[in-house]
Chemist: 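The structure that follows is given in the form of structure tokens.
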Amino acid sequence: MTSSGELAQSAPLLAHGPARSLVYKALCFVILVLQGGVLDFYLIIFNDLYWCSWIATDLVVVSGWGMFFMRNARSKRERACGFHQKSSIFGCSLGEFTYAYLAWLIYVIACTPKVVLILETSIAAQIAAQVPCGLTGLRAAVLLSAPLLFCLVNSLVEDPNGATRHHAHSCFLSTCVDLLDGFALLELLLLAPDGPPAAAHAHLRYTVLSVFFVVLAVPVVWLHELTASELRCRWLCARFCTSLAVNAPLLAVRCLQVFVHEAPASLFMFKNVFFLLCGLVELVEQCVAVRGLRRPSGGRGAAHVSHCVSENDMCPRGYVNTLAVSQS
């Protein structure tokens, strides 16, 4: 039986769990509206073409996240009642992160063209010259993606002390560091106060800009991994490939800046090398561990069945007489 002390300890978690989730969901919508509104403001005052489409895009994103939260809550109720969970379009059983990867994918698709249009046109220079907060406001608006991802993760976690929460937050911290890494190099090439340096060629700018949006899209991979029922080698390979797609181009651009254009070395260079090496070691170790766990389990299960079934319970063709086994 459960003691009164255990009930007292579990009561706050049960009481504050739904309220905590609602707070983070509300913060998600606040950040979505705030970031979308600021970027729309920049686009409309300096380039009023298609202003209706920018606002409509934000409405679609907010509506999509609302539908996602409702569908996620329904999935949690079904799982709590013991209903059979259907599979997602990628064949994974649905859990507490149901459809989270789709919600983040919708957000990235809507946010990317806005930021590209601002950074690759004269709008950034006009913002620096005419808007009160200048480029600082633009930096803050773009980097609101990190708090948005934090609120999304915390709005879905059911057990604040569970293993899923710790894994989700470790993935979030890695993405947040990559986001700061990409944006720091993006600032150097596109948002320098005295203008872009002479070494900021077009291919470097496009490379860094592409990597920055790859970083924004990386949570789609690990949010879908959190939806999966079991860890597989393909998820580990996908995680390593995303780290490779982010850190390798940034490291190459920084090495080019340092060794060719004689720019000062950045501490993020060591971060790029460290993340690549750690990702490779983690990929090898976990793939070996996953395969090692599967092989003995299959052998033990087969041996267990063979020892429990006698020769009298075997049919002429080698099939097991399950009725005889169950009765015995």
Side-chain angles (χ1 to χ4, degrees), residues 2 7 9-37 55-112 144-172 175 216-232 234-235 238-239:
T2 305
L7 286 175
Q9 292 178 357
S10 60
L13 290 176
L14 297 175
H16 296 292
R20 173 180 175 275
S21 178
L22 288 176
V23 170
Y24 279 111
K25 289 177 181 178
L27 287 175
C28 286
F29 288 110
V30 170
I31 296 175
L32 281 174
V33 173
L34 178 61
Q35 185 186 47
I55 298 177
T57 301
D58 293 336
L59 294 177
V60 169
V61 173
V62 172
S63 302
W65 278 55
M67 295 174 60
F68 150 68
F69 280 127
M70 289 189 293
R71 185 64 186 89
N72 183 269
R74 180 183 175 184
S75 176
K76 290 183 179 180
R77 288 194 300 268
E78 291 177 352
R79 191 171 63 255
C81 295
F83 292 156
H84 175 69
Q85 288 289 315
K86 298 180 180 180
S87 296
S88 67
I89 58 177
F90 295 102
C92 296
S93 60
L94 303 181
E96 58 187 308
F97 283 82
T98 302
Y99 302 128
Y101 57 95
L102 293 179
W104 190 258
L105 181 62
I106 293 172
Y107 163 76
V108 173
I109 293 175
C111 182
T112 298
L144 279 176
S145 301
L148 177 63
L149 183 59
F150 178 81
C151 293
L152 174 63
V153 170
N154 283 277
S155 66
L156 300 177
V157 172
E158 296 176 354
D159 185 5
N161 299 316
T164 305
R165 178 185 182 274
H166 293 293
H167 179 53
H169 275 268
S170 66
C171 294
F172 162 75
T175 300
L216 278 183
V218 162
V220 176
V221 176
W222 56 262
L223 284 173
H224 190 246
E225 177 189 341
L226 291 171
T227 307
S229 58
E230 62 179 357
L231 186 63
R232 298 180 179 178
R234 62 181 182 180
W235 294 119
R239 194 193 309 171

Chemist: At what distance, to the nearest 0.5 angstrom, does OG of S170 lie from CZ of R165?
Modeler: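 CZ of R165 is found 11.0 Å from OG of S170.
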Chemist: Would you say the side chain of F150 lies within less than 4.5 Å of the side chain of L27, judging by non-hydrogen atoms?
Modeler: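 Result no, sub-4.5 Å side-chain heavy-atom pair not found.
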Chemist: Could you tell me which residues satisfy side chain to side chain contact (heavy atoms under 4.5 Å, CB included) with A100, sequence neighbours excluded, listed by chain and number?
Modeler: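 Result, side chain to side chain contact (heavy atoms under 4.5 Å, CB included) vs A100: F68, F97, L156, L223.
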Chemist: Using atom types as modelled and distance alone, determine if a side-chain donor or acceptor of S155 lies under 3.5 Å from a backbone N or O of S21.
Modeler: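 Checked: no pair found.
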Chemist: Applying side chain to side chain contact (heavy atoms under 4.5 Å, CB included) between L148 and each of V153, I31, L34, report the one that passes.
Modeler: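 Exactly one candidate clears the test, I31.
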Chemist: Please report the C-alpha distance between N72 and Y99 in whole Å, then the side-chain angles of each, then the deciding distance to 0.1 Å, and finally whether the side-chain contact (heavy atoms from CB on, under 4.5 Å) criterion is met.
Modeler: CA-CA 7 Å; N72 183 269; Y99 302 128; 5.9 Å; no
Chemist: Going from SG on C111 to CG on L216, what distance comes out if it is rounded to the nearest 0.5 angstrom?
Modeler: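 Rounded to the nearest 0.5 Å, the SG-CG separation comes to 6.0 Å.
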Chemist: Measure the NE2-OG1 distance between H169 and T164 for me, rounded to the nearest 0.5 Å.
Modeler: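 If I round to the nearest 0.5 Å, the distance is 11.0 Å.
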Chemist: For residues P219 and T175, report the shortest heavy-atom separation together with the two atoms involved.
Modeler: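 Scanning both residues completely, I find the closest heavy atoms to be CG-CG2, 3.8 Å.
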Chemist: Quickly, which of L105, I106, T112 forms a side chain to side chain contact (heavy atoms under 4.5 Å, CB included) with I109? Name it, please.
Modeler: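 The side chain to side chain contact (heavy atoms under 4.5 Å, CB included) with I109 is passed solely by L105 among L105, I106, T112.
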Chemist: Who pairs with H167 by ring pair (Phe, Tyr, Trp, His ring centres under 6.0 Å), at least two apart in sequence or on another chain?
Modeler: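 H167 satisfies ring pair (Phe, Tyr, Trp, His ring centres under 6.0 Å) with no residue once adjacent residues are dropped.
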Chemist: Of all heavy-atom pairs between A110 and T57, which one has the smallest distance, and what is that distance?
Modeler: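 Heavy-atom minimum between the residues: CB-CG2, 3.5 Å.
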Chemist: Under the 3.5 angstrom rule, does the side chain of W65 hit a backbone N or O of A103 as a donor-acceptor pair?
Modeler: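 Flag set: sc W65 to bb A103 pair under 3.5 Å.
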Chemist: Are the side chain of R20 and the backbone of N154 linked by a donor-acceptor contact shorter than 3.5 Å?
Modeler: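 Between the backbone of N154 and the side chain of R20 there is a qualifying donor-acceptor contact (under 3.5 Å).
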Chemist: What about Y107 and W104, are their ring centers closer than 6.0 Å?
Modeler: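 They qualify: ring centres under 6.0 Å apart.
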